[in-house]
Amino acid sequence: AGLKPDIITSCCAVVFGESQGDGRNLIAALDRRLLLPLFYGLALFLAGTSLVLIRRWNRALAAITATAWLLFFLVSLTAVTTIFSSYIYAMPFHRCPFCIMKPEYNSIGFAIYGALIGAVFCGIAAPLTETVRSRAGLREGVNRFQQQATRIALVLLLVFTTLSSFHLVRYLVTGGE
């Protein structure tokens with residue numbers, strides 16, 4: 001109850017402060033020139049494998065895709081924090097991943113995180129159902145669930161990448177306005 005929102009907390013300073021070489025910063029040392037290609041590359045990979053899995057389910061590809069969803073989740077959280085949030089705030093040094101949920105930023109963070117979490121959940125849940133496919137009476141239900149979950153994951157992936165990239169693209173197109 002006594003938190004003051006205008007005072008930076010030690011956890012924010014550790015996570016979002018500039019790197020001093022003392023090991024206190026958790027993500028500032030990441031190379032942003034590699035993070036964006038990794039982010040968009042993983043998104044394209046997941047979209048492509050999802051389309052393949054919708055057409056024809058393959059256990060090996062589904063397992064690889066589930067692992068890629070986990071990696072994408074971590075890369076996405078890092079990208080939202082270190083890159084995309086600055087463009088949402090229109091302030092280069094404001095990188096808090098939580099302030100994007102505030103009304104002054106149209107609460108876009110709820111849609112961004114909701115789409116990400118939903119996509120990752122569905123993307124991982126579909127392959128995990130393979131473990132119960134062989135049980136009596138579950139084969140058709142598992143097939144339907146895998147198809148539906150993969151479709152939902154694909155749609156939410158597109159929503160997430162569009163929402164998280166919008167402000168960056170707008171900045172690049174308009175020249176900084």
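When a residue number appears, it is its place in the shown sequence, counting from 1.
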So, do [X] and [Y] sit near enough that their side-chain heavy atoms are less than 4.5 Å apart?
| X | Y | value |
| --- | --- | --- |
| Tyr105 | His167 | no |
| Leu154 | Leu51 | yes |
| Phe39 | Ser164 | yes |
| Ile112 | Phe166 | no |
| Gln147 | Ile54 | yes |
| Leu116 | Val80 | no |
| Phe121 | Ile152 | no |
| Ile108 | Ile88 | yes |

Exercise. When Val52 is tested against each of Leu61, Asn58, Thr150 for side-chain contact (heavy atoms from CB on, under 4.5 Å), which residue passes?
Worked result: Leu61
Write down the atom of [X], the atom of [Y], and the distance for their closest heavy-atom approach.
| X | Y | result |
| --- | --- | --- |
| Leu156 | Ala115 | CB-O, 3.6 Å |
| Leu77 | Thr81 | O-OG1, 2.9 Å |
| Tyr113 | Pro97 | OH-O, 2.7 Å |
| Leu35 | Ala79 | CD2-CA, 3.7 Å |
| Ala153 | Gly123 | CB-N, 3.6 Å |
| Ser107 | Met101 | OG-O, 3.4 Å |

With a 4.5 Å cut-off on side-chain heavy-atom distances among I, L, V, M, F, W and Y, is there a chain of contacts connecting [X] to [Y]?
| X | Y | value |
| --- | --- | --- |
| Leu163 | Leu42 | yes |
| Leu128 | Leu157 | yes |
| Trp57 | Leu138 | no |
| Tyr171 | Phe84 | yes |
| Leu158 | Phe45 | no |

Any donor-acceptor pair under 3.5 Å from [X] side chain to [Y] backbone:
| X | Y | value |
| --- | --- | --- |
| Tyr89 | Cys96 | yes |
| Tyr87 | Arg170 | no |
| Ser165 | Thr162 | no |

For this session: Measure the OG1-CD1 distance between Thr129 and Ile124 for me, rounded to the nearest 0.5 Å.
Result: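 CD1 of Ile124 is found 12.5 Å from OG1 of Thr129.
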Exercise. Which word best sums up how the rings of Phe72 and Phe160 line up, parallel for under 30°, tilted for 30 to 60°, or perpendicular for over 60°?
Worked result: perpendicular
